[in-house]
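This report refers to the structure that appears directly beneath it.
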Amino acid sequence: MKNVDQIVRELFEFDPSLKAHEPEIRTIVSQYLMSKPDTKFDIAFVKALRAKLLSTTEAPVARPIVSSFISSFSHFSRALTLVGGAVVVVLVVAVLFPGTETSTIFTQQFNTVGKNSFGTLTLGEGASHKEDTALRMGGSNSVSELGVYAEETPVASGMPTIGMIAPDMAGGFSGGSSGSAPGKLIYPYPVTYYEYVYAGDELALTETEGDVYNRVKGTFRAREAASALKGFNLGLINLGAFGSMKLRYFEIAEDKANGYVLNVNLVEGQISMYPNYEQWTMYRDYTPLSEQDMPSDEKIIAIAEEFLKDYGIPRDMYGDPVIEHNDFGVPIPLMSEVQGASGAAPAMMVDVASTPDMPPEMPGAISSKPMPVYYPENVTVTFPLLIKGDVVYEDGGLPYGLQMTISIREKKVESFYNLVSQEYDVSSYDLITDMETLMSFLNANTVDETYLPEGVTIERGVVKLGTPTRVLMHHYMYTDNKSEELFVPALMFPIIDPPEGSYYFPKSVMVPLPKDFLNAPSPRPIIMY
Amino acid sequence: MTESERIEKVKAGDTRAFATLYDVYVRHIYDFVYYKTHHKQTAEDITSETFIKALSKIQQFDNTRSFKAWLYVIARNTIIDHYRTSQREVVVEDIWDIESDEDIVRDADTAMKVKELSKHLKKLSPIQRDILTLRLWQELSYKEIADIVGKSEANCKVIYSRAIKTLKENISPALMALVLTLITH
């Protein structure tokens, strides 16, 4: 609430005659502020209207993209050409046309099923989140880069690490494990745990039920593709002797300069692309890049957008592209900068002077002399997936969707990942409807201090969250040795006052809304030190 | 991408770009409409109509002006149209002009909360009420308020201070004592 003193002071500046009536003025202003109604702002309404506005354009038309997508990749490898182009077409059709003749896997299709049809959303055991932990915290370091002792620390599957308190990483420098000398220990630095406090606009959670989407990975036509291959005799083995075959993966490569390889995963309904390394000239040029080589964000996005258009990849199901700048122009700091005024080296740092076998020019090393700035060879652009107008995020707050790597040197797309089929089963689930439960849930997922080593200093702090956005959270559920890929309603809260000096503090916190998550088993703690 | 660039994209047919603008302003517009209607469903309907109108008229929007202010103007006019359909003899611009015993839907808790205030706000003109609301409840700057109401910043400040003066002249000693007690505890 605006401060009454500030408002009154402002009024007296406009009209000094009001000063003579200060008590009455204060009363009026106070009454006005106290009478401010609760507007009952409803996120469900916001979402529904948003979807309605987005649907006012023509609906995306199913594009039979085989001819444009595959024909854009020319000069298939000689081996497959010998087999026959028909086989290639069957293989590709198996992935791209799982359903009707007029639809493709890139046309979003929704099949409504009964309530709670996917079971408890937090089922499953044994998922490891080690590699993802730092990304969930919004930083770019992986745990392995910190050289921690712990091996994989499994978290109860299905329990997203929302509310995981990001340890405050003093210094924020990624001293790589590759840089640690044998016998040198990496000591734990002070760990800070934060409580999340909501400081945004008044919020009413009136949506009692929400749609959860389960991506269908049907590959029944993969059997047809396998059947087509049965007659293919390699001379080493007779494929016809095998029964009930299903083709799971295949790759096709462009046999030309700077050509690509397409990797098609029929099990997951996923296509990815990477360079045909034998044919890429850029991998033979090791001249370091300079600041002048770095393109603008607009140029990077233009390259990505042009690729989508040239290769017939539908644009409609993606939101505005997001560029990851984590490694752009990151200078390797001097030891004096890291030590600061106290002159004491942070506990996590390795002293290069005492490790003569590690040359200071190695990335990640701390040197007493000025080091060149590192400019990366490529940059990642993510096109966030849209499902019925909602943007999809990973549970750590990074956008989920089509990821594209742009080569800075070549100014072209180097690879893409996560082009996936777009058929979904849709089931409704009960949602959390009060802020108190939601915030308690968020703050309950703290790290268990019993797992901390002795001597670690624990500090506490408070982090404020801003008004959330209604989004979809990408979530895996593991059941019967299978991984189900779900997209659940969630709120993404921006962090409005990250702790000072904290380099990799997350930008946002994601909270899934289905009530199933309230009952999930507590995760084992993930410690980063 | 700047807001102007986004608006140009909308004009070129990119509805996704409009959705981004919607995300930024929907709360502002909804709250403003609610403060003038005191009814959730009505506020939602008018907010919907505001954004649909904005999207349909985007080609007419002058991109050198404030998009936020434009949305507010559409919302304000839509509210006036809403009350005009009630076929009243007297022009009504918002709920404050309507007697509490009249057959107009409003949220009961809001009606209770603003009961005392509404006695005084009826004595103000619609523009005075709007400026008070925009400044005290929505904390907009005078520049933004000026763009919305179509007057200069200086004029808005004068209207604002005069509105406070008018309220001062009508405040009862009993109310003053009550409020002073509440705010000092």
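The chains referred to below are lettered A, B, ... by the order of the sequence lines, with proteins before strands, and numbering in each begins at 1.
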**Asked** Taking only heavy atoms into account, what residues of residues 143-150 of chain B are found under 4.5 Å from chain A?
**Response** none

**Complete:** Ordered numerically, the heavy-atom neighbours of chain A under 4.5 Å found in residues 26-36 of chain B are B:V26, B:R27, B:Y30, B:D31, B:Y34, B:Y35

Is [X] close to chain A through its backbone or its side chain, or both, or neither, when contacts mean heavy atoms under 4.5 Å?
X      : answer
B:T47  : both
B:F51  : both
B:K40  : side chain
B:A43  : neither
B:L132 : both

Please check: side-chain N/O of [X] versus main-chain N/O of [Y], any donor-acceptor pairing under 3.5 Å?
X      : Y      : answer
B:Q128 : B:S125 : yes
B:T20  : B:R16  : yes
B:W137 : A:Y32  : yes
B:Y22  : A:V46  : yes

Does the distance from a Lys or Arg side-chain N to an Asp or Glu carboxylate O, for [X] and [Y], drop under 4.0 Å?
X      : Y      : result
B:R135 : B:D130 : no
B:R6   : B:D14  : no
A:K40  : A:E202 : no
B:K165 : A:D15  : yes
A:R315 : A:E305 : yes

**A:F307-A:Y311 aromatic ring centre distance below 6.0 Å** = yes

**Side-chain heavy-atom pair A:V420, A:Q422 within 4.5 angstrom cut-off** = yes

**Request:** Side-chain contact test, heavy atoms from C-beta onward, threshold under 4.5 Å: evaluate it for A:V381 versus A:V413 and give yes or no.
**Result:** no

**Item:** Atom NZ of A:K464 with >12 non-hydrogen neighbours under 6.0 angstrom
**Value:** no

**Message:** How about NZ on B:K53, more than 12 heavy atoms from neighbouring residues, nucleotides or ligands closer than 6.0 Å, or not?
**Reply:** yes

Against chain B, label [X] side chain, backbone, both or neither, depending on which of its atoms sit under 4.5 Å from a heavy atom there.
X      : answer
A:F14  : side chain
A:L386 : side chain
A:L49  : both
A:T469 : neither
A:Y318 : backbone

**Asked** Any idea which of A:D38, A:T467, A:L18, A:T39 has the most non-hydrogen atom pairs under 4.5 angstrom with chain B?
**Response** A:T39

**Prompt:** Out of B:A19, B:A154, B:A17, which one racks up the most heavy-atom pairs below 4.5 Å with chain A?
**Reply:** B:A19

**Prompt:** ring-ring contact (aromatic ring centres under 6.0 Å, His included) between A:Y424 and A:F487: does it pass, once the steps are laid out?
**Reply:** CA-CA 10 Å; A:Y424 300 91; A:F487 301 85; 5.7 Å; yes

